[in-house]
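This report concerns only the one structure given below.
Computed over heavy atoms, backbone and side chain alike; hydrogens, waters and symmetry mates excluded.
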Amino acid sequence: MSRNVLSAMALAAALVGSVAHAAPPGPARGELLPTPPPPAAPALAGQAVAQGTVQRMLINPYGEVDGLRLADGTVVKFAPHMGDALTNAVKTGDTVRVIGRPEARGTVRADAIVNAANGQTVYDQPPPLGEGRPLPPHLRAQKLQQQQVQGKVDTVLTGPRGEANGVILTDGSIVRFPPESLRQSVQPGAPFAASGLGTRNANGTSLEAVNLGTSLSALQPLYDGAR
């Protein structure tokens, strides 16, 4: 065997020995690997934009909790897919701190909601990997039922640019509607009625309006063929 071949074999053996020496020892037979620590909760970035007592849970027409109304009238928006986590952490009457961004007309978009009594915090975060995709709107709508409400406006709900896109009535009923469809006053105290599709559950009534008016006897359709 040539001297060059012997040298190459010796070098390869040295490299293998070096790698084997550097590798960390594996677990002994029957020994359990240590459990990795849970991921740390995201840090609270930003300042509290609202604080107060929870007066009411807000729901969307599908019955999902998507925010809070505080006793001072502040409306707190939150991701509806986090509704169960929010209702587990916060109850009506609790004092909360809201971390997020202010919008128009006393409305804030929450990134995190903190129960001030025990520090329990709910963060707006994506659904866990592996969860099923939400039903498309035309399938979700099959769960909705005909609803109608009547009363006086307590709070005007708005979009990110301050456009009115819903109301909370004095009895807590919530009505959503497209901003461009509104043809009547929605100032607090104004009479208001609506019929449409929505949900009634333990958190109240919420609907997407199909007809709007100042009373149930004076409803006007928002869409062609709505009546």
Side-chain angles (χ1 to χ4, degrees), residues 35-135 140 143 149 151 153-162 164-176 188 198-208:
T35 303
L44 285 177
Q47 300 295 317
V49 292
Q51 180 166 331
T53 302
V54 178
Q55 182 188 68
R56 182 182 301 279
M57 298 288 183
L58 302 182
I59 59 175
N60 61 22
Y62 298 104
E64 303 161 329
V65 172
D66 66 349
L68 308 169
R69 187 184 189 277
L70 304 185
D72 66 359
T74 301
V75 172
V76 181
K77 298 180 180 179
F78 203 53
H81 71 271
M82 298 298 299
D84 288 345
L86 180 59
T87 55
N88 287 334
V90 173
K91 309 297 182 188
T92 301
D94 288 347
T95 299
V96 296
R97 287 189 297 114
V98 181
I99 312 300
R101 305 173 300 282
E103 292 186 352
R105 297 196 192 185
T107 301
V108 299
R109 170 70 65 177
D111 296 320
I113 297 176
V114 185
N115 187 321
N118 56 26
Q120 190 170 355
T121 303
V122 184
Y123 300 90
D124 181 4
Q125 51 191 331
L129 292 175
E131 286 196 358
R133 297 174 61 188
L135 287 172
R140 296 183 76 203
K143 297 182 177 181
V149 295
V153 175
D154 178 65
T155 303
V156 179
L157 301 174
T158 60
R161 295 179 298 278
N165 61 7
V167 296
I168 304 175
L169 302 184
T170 52
D171 68 354
S173 299
I174 300 171
V175 181
R176 315 275 184 162
T199 302
R200 188 187 304 270
N201 62 24
N203 290 310
T205 301
S206 181
L207 62 96
E208 182 70 29

Assess whether side-chain contact (heavy atoms from CB on, under 4.5 Å) is satisfied between Thr74 and Gln51, documenting all intermediate values. CA-CA 9 Å; Thr74 301; Gln51 180 166 331; over 6 Å; no
Arg109 to Phe78 - nearest heavy-atom pair and separation: NH1-N, 4.3 Å
Has Asp84 got more than 12 heavy atoms of other residues, nucleotides or ligands less than 6.0 Å from its CG? no
Write down the atom of Tyr123, the atom of Met82, and the distance for their closest heavy-atom approach. O-CE, 3.1 Å
Determine yes or no for a side-chain-to-main-chain donor-acceptor pair under 3.5 angstrom, with His81 supplying the side chain and Gln125 the backbone. yes
Could you report the tightest heavy-atom contact between Asp94 and Ala89, atom names first, then the distance? OD2-O, 4.3 Å
Indicate the atoms forming the closest heavy-atom contact of Arg176 with Ile59, along with that distance. NH2-O, 3.3 Å
Test applied, side-chain contact (heavy atoms from CB on, under 4.5 Å); reference residue, Leu58; option that passes from Val76, Leu68, Ile168, Val65: Ile168
Carboxylate-amine/guanidinium contact Arg56 Asp154, below 4.0 Å: no
About how many Å separate CD of Glu208 and OG1 of Thr199, when rounded to the nearest 0.5 Å? 11.5 Å
Apply side-chain contact (heavy atoms from CB on, under 4.5 Å) to Leu157 and Ile174, showing your working. CA-CA 9 Å; Leu157 301 174; Ile174 300 171; 3.9 Å; yes
Under the side-chain contact (heavy atoms from CB on, under 4.5 Å) rule, what do Arg101 and Asp111 come out as? Steps first, then yes or no, please. CA-CA 8 Å; Arg101 305 173 300 282; Asp111 296 320; 2.7 Å; yes
Nearest heavy atoms of Pro61 and Leu207, plus distance in Å: CG-C, 3.8 Å
Under 3.5 Å, side chain of Thr95 to main-chain N/O of Thr53, donor-acceptor pair present? no
If you measure from CD1 on Ile113 to CZ on Arg97, what distance do you get to the nearest 0.5 Å? 12.0 Å
In terms of heavy-atom contacts, Asn201 and Gly63 come closest through ND2-O, 3.2 Å
